[in-house]
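One structure is given below, encoded as structure tokens.
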Amino acid sequence: MLDIRLFREQPDVVREGFAKVGRDPGLVDQVLDLDVKRREAITEVERLKAERNAGSKDVARTKDKAERDAKIAAMKLVGDQISELDVQANAIDLELNNLMLDLPNLPLPEVPVGKDEHDNVVVRVEGAIKEADFAVKPHWELGEELGILDFERGVRMSGTRFFVMKGLGVRLQRALISWMIDMHVDQHGYTELAVPYLVKADAMVGTGNLPKFADTIFHIEDTDLWLIPTAEVPVTNLHREEILDKAQLPLRYVAHTPCFRNEQMSAGRDVRGIKRLYQFDKVEMVKLVEPATSYDELFSLISNAEDVCKGLNIPYRLLQLCTADLGTATVKYDLEMWAPGMNEWLEVSSCGLFGDYQSRRANIRYRPEAGAKPEFVHTLNGSGLALPRVIISILENYQNADGSVTIPEVLRPYMGGIERITKSKA
RNA sequence: GGGAAGGUGGCUGAGUGGACGAAAGCAACGGUUUGCUAAACCGUCGAAGGGUCACACCUUCCGAGGGUUCGAAUCCCUCCCUUCCCGCCA
């Protein structure tokens, strides 16, 4: 959510930002109009309430019965007016609030303006793509042959976009999770969290998933619980409604969770393999920081995610997303790993700086110094990394001519020293 | 799920219809004193919104939402949460 003062003081800045992300700049005027109406209503209601408060105190002091009754009668009238106007004021307030919750964040000036993902900018490519001297198989073929991916049975029990992982496939995923989290904790200074996978609507509103993106997340019927689409939701909301000490910042958290996404893409797109699923595992990094440091924190976040790619020794590239792809961030970079079997770059991380957009919604503040007014923190998050896609990249980059897959060296200590996945030993 | 007791400011904790945004203590912050540390003393010390150049000032908030009343932290209703006991279960 944006600061209403920005609309009052610099409406053109907001209009320009909305235009860049493809939203109607006229929304600014809707906000301003409601803001004026809201303040008029509040002023009037408050005037009446002040009158009633004074009048009620006067009643308490009045001893004469007749005089007292007259004053009570007069205040009753004021009370009736208040209840009437209160209803109006609340309606305006609600309308404004709903509108504000629906509005996007503003992109930073440097973000390239674009219409869709084709306008994202490749910042750099790291690692060389090796040409194999055999036909590289896509992971779904390789995984089924090795007996570590089972699509048929996953679909039978849960439907399309679900799968089952077996044997060394699961072991590989577990190894990745442990290795990545250990790296972020031991080398990058994050604190590990285990969080709920179901959260209340308020938490979803806090991170911006509700109300706007309700059709992309799963809701548990007859409850106020929603399945998290990413650990970003419970982790960012960890400190909702809190005023933090400056000394606590920056807070850096890492958590592994499953992620549930009600993908609304066209039928038939990305249906093969484990690229796009209704449920997948991810290691996520989240930071709550002082505004002045947030931009630097974004680049250290990206670098933390890159260290995972580097450790696995898989080619990857860094993309700066254009205004069409920002989601609710002010600026965002993606990491994409090369998948030679699918012959495409796979998004394995999305690192965004959200400014105070989320903290304002979730009401997460800090006190810049003792006695000072609380201010909103800045929030950031980035995958570190998304598992099924990293597994795709490992299977496809580390496959051998005989159909086996070599385990990346960094993961071997987490897999009991196993060096490769073969058909007979999967 | 059943029973009991509770939810008040950063924390502890008074307050059962009228000057209560809320006693007191702790913590924090500023100052005085002191050779240093500590202690003592004095003062400040919740949030949101409106308003103001800035103050002043006004409104709201005592788990949440309704209700009663001229007036609610205080009375009534519903819900949520916490703790303990019982049941159930990993």
Side-chain angles (χ1 to χ4, degrees), chain A residues 1-10 31-101 194-206 210 220 222-226 234 237-249 251 258 288 356-377:
Chain A
M1 191 156 67
L2 298 168
D3 189 350
I4 188 88
R5 278 172 297 193
L6 196 59
F7 288 75
R8 292 176 196 154
E9 289 158 20
Q10 297 178 281
V31 169
L32 288 173
D33 183 51
L34 281 170
D35 183 43
V36 169
K37 283 185 179 151
R38 173 178 166 274
R39 283 194 281 175
E40 281 171 0
I42 285 174
T43 306
E44 180 59 12
V45 168
E46 289 187 352
R47 208 206 85 232
L48 288 168
K49 283 183 178 172
E51 187 181 333
R52 182 182 65 186
N53 288 346
S56 295
K57 285 176 183 176
D58 192 35
V59 167
R61 282 190 299 263
T62 305
K63 299 284 178 269
D64 182 77
K65 178 77 164 64
E67 200 182 334
R68 191 184 166 95
D69 286 348
K71 282 176 179 172
I72 287 175
M75 283 309 110
K76 198 176 171 63
L77 286 177
V78 174
D80 290 344
Q81 282 183 66
I82 289 171
S83 19
E84 211 173 292
L85 278 173
D86 243 351
V87 170
Q88 287 178 35
N90 288 340
I92 294 168
D93 201 46
L94 185 68
E95 191 182 350
L96 178 61
N97 203 19
N98 285 341
L99 180 57
M100 291 297 284
L101 283 176
V195 291
Y197 305 155
L198 291 161
V199 298
K200 295 190 281 188
D202 283 347
M204 289 289 186
V205 170
L210 286 178
I220 309 293
D222 297 328
T223 70
D224 183 35
L225 291 172
W226 300 69
N237 277 284
L238 185 68
H239 294 289
R240 64 175 297 116
E241 312 286 342
E242 287 185 24
I243 298 174
L244 302 162
D245 287 335
K246 181 188 166 113
Q248 289 177 265
L249 305 178
L251 287 167
L288 306 182
D356 62 7
Y357 186 85
Q358 293 183 324
S359 57
R360 195 177 289 281
R361 288 167 162 261
N363 200 19
I364 309 166
R365 293 171 294 171
Y366 79 106
R367 218 177 280 281
E369 49 192 291
K373 271 204 163 298
E375 288 178 18
F376 292 105
V377 301

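Please read all numbers here as calculations on a predicted model, not as lab measurements. In what follows, every chain begins at residue 1, and chains take the letters A, B, ... in the order their sequences are listed.
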What is the distance, rounded to the nearest whole Å, between atom [atom1] of [X] and atom [atom2] of [N]?
{"X": "His239(A)", "N": "G10(B)", "atom1": "NE2", "atom2": "P", "result": "17 Å"}
{"X": "Met100(A)", "N": "A48(B)", "atom1": "CE", "atom2": "P", "result": "16 Å"}
{"X": "Leu244(A)", "N": "G10(B)", "atom1": "CG", "atom2": "C1'", "result": "12 Å"}

How would you label the contact of Arg8(A) with the nucleic acid (heavy atoms, under 4.0 Å): base, sugar-phosphate, or nothing?
-> sugar-phosphate

Between Arg39(A) and G51(B), does any side-chain N or O lie under 4.0 Å from OP1 or OP2?
-> yes

Does Arg365(A) place a side-chain N or O at less than 4.0 Å from the phosphate oxygens OP1/OP2 of A48(B)?
-> yes

G30(B): pairing nucleotide in any strand, Watson-Crick or G-U under 3.5 angstrom |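 In the structure as shown, G30(B) has C42(B) as its Watson-Crick or wobble partner.
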
Pairing partner of C62(B) (Watson-Crick or G-U wobble, both distances under 3.5 Å) =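 Pair assignment: C62(B) / none.
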
Letter per nucleotide, 5' to 3', of nucleotides 53-69 of chain B [B base touched, S only sugar-phosphate touched, - untouched; heavy atoms, 4.0 Å] | -----BBS---------

Above 12 or not: heavy atoms from other molecules or residues under 6.0 Å from CD of Glu84(A)?
->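 No, the 6.0 Å shell around CD holds no more than 12 heavy atoms from other groups.
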
Is there a donor on the side chain of Arg68(A) or the base of G18(B) sitting less than 3.5 Å from an acceptor on the other?
-> yes

What's the closest nucleotide to the Arg367(A) side chain, out of G50(B), G18(B), G46(B)?
->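 When the side chain of Arg367(A) is considered, G46(B) is the closest of G50(B), G18(B), G46(B).
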
